[in-house]
Amino acid sequence: MKATLVLLCLALFVAVVLACDPDSNNQPICNSTIIGKKIRNFWDPTRYWQCTDATGNGAAVLCPDQTGFLESADDCVAWSNWTWVAPCPNN
Ligand SMILES: *[C@@H]1O[C@H](CO)[C@@H](O)[C@H](O)[C@H]1NC(C)=O
Ligand SMILES: *[C@@H]1O[C@H](CO)[C@@H](O)[C@H](O)[C@H]1NC(C)=O
């Protein structure tokens with residue numbers, strides 16, 4: 001009984017982690033739908049990912065000096081306007 005419960009929790013945990021992994025850097029595998037889109041780098045707010053074409057992985061783009069990438073603004077913003085947001089809000 002207890003083992004079943006533990007296994008169930010583990011399965012749920014794995015499912016959630018696969019959907020959005022806060023321990024990954026969120027680097028995308030490029031395809032045509034995400035070309036040019038700014039994608040948050042979970043590990044480094046001074047950089048975001050961007051695909052310039054539909055092949056390979058998104059390239060790291062450095063934000064201008066004194067700014068950090070804010071997903072809600074879809075851009076680099078001054079640190080005074082930047083806030084930490086949990087990478088995976090549903091976890
Ligand atoms: C393109 O990549 C994004 C991010 O990885 C993914 O969510 C989307 O489903 C992909 N689209 C296609 C058409 O493969
Ligand atoms: C911070 O955000 C406010 C409101 O959006 C904006 O008016 C202001 O110019 C921003 N400050 C900087 C330094 O970007």
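Note that the numbering runs from 1 along the sequence shown for the chain. Each ligand, and each atom within it, is numbered from 1 in the order the structure gives.
The shortest non-hydrogen separation linking Pro87 to Arg40 is CA-NH1, 3.9 Å. In terms of heavy atoms, Pro22 sits closest to Cys20 at CD-O, 3.2 Å. Across all their heavy atoms, Thr67 and Cys76 have their closest contact at OG1-CB, 3.5 Å. Here the closest heavy-atom approach between residue Cys63 and residue Pro45 is recorded as SG-O, 4.3 Å.
Considering backbone and side-chain atoms alike, Asn81 places an N or O below 3.5 Å from some N or O of ligand 2.
Hydrophobic cluster membership for Tyr48: Val61, Phe69 (Ile, Leu, Val, Met, Phe, Trp, Tyr linked by side-chain heavy atoms under 4.5 Å, directly or transitively). Cluster partners of Trp49, by chain and number: Ile34, Ile39. The rule joins Ile, Leu, Val, Met, Phe, Trp and Tyr whenever side-chain heavy atoms lie under 4.5 Å apart. If you chain together ILVMFWY residues whose side-chain heavy atoms come under 4.5 Å of each other, Val77 ends up grouped with Leu70, Trp79, Trp82, Trp84.
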Close N/O pairs between ligand 1 and protein, under 3.5 Å:
residue	atom	partner	partner atom	Å
ligand 1	2 (O)	Asn31	ND2	2.3
ligand 1	11 (N)	Asn31	ND2	2.9
ligand 1	11 (N)	Thr33	OG1	3.4
ligand 1	14 (O)	Asn31	ND2	3.1

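Near Ala78, meaning under 4.0 Å from any of its heavy atoms, are these atoms of ligand 2: 12 (C), 13 (C), 14 (O).
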